[in-house]
Amino acid sequence: MNSRAKYHSINDQDRDRIVEMAWEDRTPFDAIEIQFGLKEQEVIELMRREMKPSSWRMWRERVQGRVTKHLAKSGIDDFRHKCSRQRSISHNKIAKK
């Protein structure tokens, strides 16, 4: 399946989640590939289609060469999408202990 066909086969909710994960500094492209089957280049193409040109250029500048976006280069050994020190969240309010 080529990247154009993959792009069109992704539903809106998954597309939004991929964009969100791609924006997150600590979410590696490998996590996106495992969850959605899109390689780094396909994520870049999706971001280019989904974003305004100025936003896309800003995103590319941020992620290009960023160690945390490439699992092999980073020290991250799991696919956490949040800080390990983050408090539990319930009903959109931070739980107080």
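The shown structure was predicted, so the numbers you read here are calculated from the model rather than taken from an experiment.
- With rounding to the nearest 0.5 Å, the separation of OG1 in Thr27 from CD in Gln35 is 9.5 Å.
- If you take CD1 on Ile10 and CG on Leu38, they are separated by 4.0 Å, rounding to the nearest 0.5 Å.
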Task: Evaluation steps, side-chain contact (heavy atoms from CB on, under 4.5 Å), between Phe29 and Ile34 - done: CA-CA 9 Å; Phe29 288 114; Ile34 289 168; over 6 Å; no
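- The backbone N or O of Ile18 sits nowhere less than 3.5 Å from a side-chain atom of Trp23 that would complete a donor-acceptor pair.
- A salt bridge is defined here as a Lys NZ or Arg NE, NH1 or NH2 lying under 4.0 Å from an Asp or Glu carboxylate O, and Glu45 with Arg48 fails to meet this definition.
- Electrostatic pairing of Arg15 and Asp12 counts as a salt bridge here, judged by a charged N lying under 4.0 Å from a carboxylate O.
- Here Met58 contributes atom CE and Met51 contributes atom CE; the two are 6.5 Å apart, rounded to the nearest 0.5 Å.
- Contacts of Gln13 classified as side-chain contact (heavy atoms from CB on, under 4.5 Å), with partners at least two apart in sequence or in another chain: Asn11.
- For the atom pair CD (Glu24) and CE (Met21), the distance works out to 6.5 Å, reported to the nearest 0.5 Å.
- Across all their heavy atoms, Val43 and Ala22 have their closest contact at CG1-CB, 4.0 Å.
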Open item on the list: Using side-chain contact (heavy atoms from CB on, under 4.5 Å), reason through Glu50 and Trp56 one step at a time and then give a plain yes or no.
Closed with: CA-CA 9 Å; Glu50 292 296 313; Trp56 185 83; over 6 Å; no
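- Summarising the geometry, atom CD belonging to Glu20 is positioned 12.0 Å from atom CG belonging to Asp14; distances are rounded to the nearest 0.5 Å.
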Task: CA sep, side-chain torsions, deciding dist, call: Lys39, Glu42, salt bridge (charged side-chain N to carboxylate O under 4.0 Å, His left out) - done: CA-CA 5 Å; Lys39 296 183 186 300; Glu42 294 168 328; over 6 Å; no
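- Here the CE-CD1 distance, from Met47 to Ile44, works out to 9.5 Å after rounding to the nearest 0.5 Å.
- Every residue meeting the salt bridge (charged side-chain N to carboxylate O under 4.0 Å, His left out) condition with Asp25, not counting sequence neighbours, appears here in chain and number order: Arg62, Arg66.
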